[in-house]
Amino acid sequence: MSEQNTDRTDVDDIRARVHELMPRARQDLAEMVAFGSVYDPTRPPPPDCAEMVAWLQTAFTEIGVHDVAAHVTADGSQAVTGHIPGPPGAPTVLLYFHHDVQPALDPALWDSPAWTLTERDGRWYGRGAADCKGNIAVHLTALRALAADPPVTVKIIGEGSEEQGSGGLEDFVPKHPELLAADAILILDSGNIEVGRPTLTTSLRGIANIVVGVETLGSAMHSGMFGGAAPDALAALIAMLATLRDEHGNTTVRGLETDQAWDGIDYPEAQFRSDATVLDGVGVLGTGKIAEMVWARPAATVLGIDCPPVVGSSAAVQPSARARINLRVPPGMDPQAAQDALIAHLTEVAPWDVRVSFEREAIGAPFSGSTSGPAFDALTRSLGAAYGRDVEQQGQGGSIPLCTVLAETFPDAEIMLFGVEEPRCLIHAPNESVDPTEIENMAVAEALFLHDFARSAAALD
C-alpha cells in the first residue's frame with residue numbers, strides 16, 4: 001500500500017487486533033479440520049458435511065453476520081450465505097470459500113492424524129488446514145478484527161462441493177443473484193507464490209475431463225493360450241495414452257495449440273522442483289518455461305486406470321480397460337472444443353480396431369481475473385501493506401469453474417483470487433498444512449481492503 005493511500009494507524013490497529021485473534025483463529029481451524037467434510041455427489045454425504053455447515057452457521061452468526069442460511073444445491077451439497085449490511089451507498093463485497101475437503105486417503109501416509117490439527121515445525125497440519133478451511137479462518141478473523149462492522153456491505157458464500165466440481169454452486173449462483181450480487185468478489189481459494197510473497201492469481205486454467213473405455217474380447221482369456229494374437233484391451237489403452245505427450249513431455253493432443261507464452265511472474269525451475277517434490281535426477285516436462293507449462297498451456301494427465309491390480313492379477317489377456325483423463329485448458333481456449341479434440345485424438349490413435357467409448361465429465365471454462373479497477377487497486381495496496389512488500393501476479397494450473405459463472409452473472413464485478421494455499425501446503429496430498437503467518441497476514445489484508453475499498457468508492461462518488 002503506497003504512502004499516499006495508507007493510514008498508518010489503520011494498518012497498525014488492524015494488525016494488532018488480528019494478532020490478538022490468532023489463538024481464536026487456531027481454535028476455529030482445529031474445530032473445522034475435525035469435520036471430515038468430504039462431499040461426493042455419487043454417495044450419501046457423511047454426517048460431517050452437515051455438521052460442518054451447522055458450525056459455519058453458528059460461527060458466522062456469532063460474529064454478526066445476518067441471516068446465515070444453508071441452501072441445498074443441484075448436486076445435493078449445501079451452500080452457506082449471509083450478509084452484513086453496510087452504510088447507505090457503500091459498495092458490496094462478496095467473500096467466497098468452500099467447506100468441503102479432499103479425502104485423507106491412506107492414514108499411513110500422514111505423519112499426524114489427518115482430522116486433528118497438529119502443530120509441527122511452525123506449521124499447522126490437517127486435511128483442509130489450507131484448502132480451504134484456512135481461508136475460512138481468514139474471513140472469520142478479518143470480520144472479528146472489524147467487530148463485524150465493516151464500512152461496506154459484506155456477503156458470504158460457502159460452497160459445499162468445490163473439490164468434486166459437480167456444479168452445485170454454479171447452478172445456484174444465476175438462480176439467486178440477489179444473495180450474491182457485489183461490486184467486488186474475493187475468491188479465497190488460492191495462495192502466494194511462496195510464504196511471505198503477496199500474490200494475486202490472475203488466470204486459471206479450465207478443465208475438460210473424460211473417461212475413455214476400451215473393449216476387445218468377450219472375456220478375459222488365458223495369456224498362454226491366446227496371448228500374442230488376442231487383442232489386449234489394456235495394451236491398447238496404454239498405447240493410446242502414450243500419444244498424449246511427446247518425448248519431451250509436451251502435451252500432444254491433435255488440434256490443440258500448445259505453444260502459448262506467459263508474460264507474468266517467472267517460476268524458477270529450482271523452486272518448482274522443490275514445490276512439486278520432484279525427485280533428484282528426474283526431469284521436468286516440456287520445452288517451455290515452467291510458468292508456461294503450468295499456467296498458459298494445456299496439459300493432459302491420466303488420473304486413474306481401471307485394470308487388474310498387480311497383487312492378485314492372473315495370467316490373462318484383458319478384455320476391457322478404462323482411464324480417466326484430466327485435461328487442463330488455458331485462458332483463450334474453448335473447453336468444449338478441447339474436450340472434443342481429446343476424444344477425436346484418442347479415437348484416431350486407437351489400434352487394432354478396438355471398440356472405444358467415452359464418458360464426458362462436466363467442463364469448466366478458463367478464467368482471467370481482474371487486473372485493474374478500484375477494488376483491484378485497493379486489494380493490491382492492502383496486501384502490500386499487510387506483507388510489507390510489492391504484490392506479484394501469477395497464474396494457476398487449477399480450475400475454479402465458479403469464477404466463470406460469477407463473471408457471467410455479475411459482469412461488472414471485480415473478481416480477485418488469493419489466499420493461504422502456497423506450495424508448501426501440499427493441498428490434496430498427505431500432510432496438508434498451512435503456515436499460520438499466512439492466515440494472519442491475509443486476515444490483515446482483507447480487513448484493510450474493506451476499509452480501503454470503502455474510501456476509494458466514496459472518493460469516486
Side-chain angles (χ1 to χ4, degrees), residues 165 203-216 231-262 267 269 272-273 276-279 282-310 318 320-366 395-399 401 428-429:
S203 73
L204 298 171
R205 289 192 293 195
I207 194 168
N209 287 4
I210 64 166
V211 176
V212 55
V214 176
E215 293 181 291
T216 57
D232 184 333
L234 181 55
L237 179 62
I238 291 170
M240 294 160 62
L241 299 179
T243 68
L244 297 177
R245 293 185 183 274
D246 66 16
E247 69 274 20
H248 304 293
N250 297 297
T251 294
T252 50
V253 176
R254 298 172 185 176
L256 294 188
E257 182 183 354
T258 59
D259 60 355
Q260 296 90 334
W262 172 259
Y267 200 161
E269 181 174 335
F272 175 79
R273 294 182 68 89
T277 69
V278 179
L279 299 179
V282 176
V284 297
L285 302 185
T287 53
K289 297 185 296 185
I290 296 294
E292 291 170 339
M293 300 302 298
V294 299
W295 298 333
R297 296 181 181 178
T301 302
V302 179
L303 300 182
I305 298 179
D306 287 341
C307 62
V310 171
Q318 297 304 312
S320 63
R322 297 198 312 161
R324 185 174 183 227
I325 302 170
N326 168 244
L327 181 61
R328 298 288 177 171
V329 181
M333 183 175 289
D334 181 344
Q336 184 63 67
Q339 190 180 61
D340 292 344
L342 177 58
I343 289 173
H345 173 99
L346 291 171
T347 301
E348 291 172 12
V349 300
W352 317 323
D353 296 321
V354 299
R355 295 182 182 178
V356 183
S357 61
F358 297 95
E359 300 171 24
R360 294 176 183 264
E361 296 187 355
I363 61 173
Q396 189 179 94
S399 303
H428 296 200

For T252, enumerate each residue passing the side chain to side chain donor-acceptor pair (under 3.5 Å) test, keeping only those at least two apart in sequence or located in another chain.
none
Under the rule for side chain to side chain contact (heavy atoms under 4.5 Å, CB included), what residues qualify as partners of I305, not counting sequence neighbours?
L234, L237, L241, V302, C307, A323
Closest non-hydrogen contact found for A208 with Q339 is CB-CB, 3.8 Å
Nearest 0.5 Å, what's the CD1-CG distance between I290 and L285?
8.5 Å
Nearest heavy-atom neighbours spanning S203 and P331:
CB-CG, 3.9 Å
Test: side-chain hydrogen bond (donor to acceptor under 3.5 Å, both in side chains). Region: residues 348-358. Which pairs qualify, not counting sequence neighbours?
R254-E348
Does any non-hydrogen side-chain atom of V356 lie less than 4.5 Å from one of V212?
yes
Which pair of non-hydrogen atoms, one from P351 and one from M240, has the smallest distance, and what is that distance?
CD-CG, 3.9 Å
Residues in salt bridge (charged side-chain N to carboxylate O under 4.0 Å, His left out) contact with E361, at least two apart in sequence or another chain
R324
Listing request: all salt bridge (Lys or Arg N to Asp or Glu O under 4.0 Å) pairs with a residue in residues 327-344, at least two apart in sequence or in separate chains.
D340-R360
With sequence neighbours left out, the residues meeting side chain to side chain contact (heavy atoms under 4.5 Å, CB included) with T251 are R245, V253, A299, A300
Set of side chain to side chain donor-acceptor pair (under 3.5 Å) partners for H248, sequence neighbours left out:
none
Looking only at heavy atoms, what is the nearest atom pair of G332 and P366, with distance?
N-CG, 4.4 Å
Determine, stepwise, if the pair W262 / V294 fulfils side chain to side chain contact (heavy atoms under 4.5 Å, CB included).
CA-CA 10 Å; W262 172 259; V294 299; over 6 Å; no
Does A338 have any side chain to side chain contact (heavy atoms under 4.5 Å, CB included) partners at least two apart in sequence or in another chain, and if so, which?
L256, L327, V329, M333
Drop me the distance from L342's CG to F358's CZ, to the nearest 0.5 angstrom.
7.5 Å
What is the minimum heavy-atom distance between Q260 and A296, and which atoms define it?
CB-O, 3.1 Å
Please determine whether side chain to side chain contact (heavy atoms under 4.5 Å, CB included) holds for the pair N326 and I207, giving the CA-CA distance in whole Å, both sets of side-chain angles, and the decisive distance to 0.1 Å.
CA-CA 7 Å; N326 168 244; I207 194 168; 3.4 Å; yes
How far apart are the closest heavy atoms of G286 and M293, and which atoms are they?
CA-CE, 3.4 Å
Which residue pairs satisfy the side-chain hydrogen bond (donor to acceptor under 3.5 Å, both in side chains) criterion with at least one member in residues 285-304, sequence neighbours excluded?
N250-T287, E292-R297
Residues forming a side chain to side chain contact (heavy atoms under 4.5 Å, CB included) with T258, sequence neighbours excluded:
P298
Residues passing the salt bridge (charged side-chain N to carboxylate O under 4.0 Å, His left out) test with R322, sequence neighbours excluded, are D306, E359
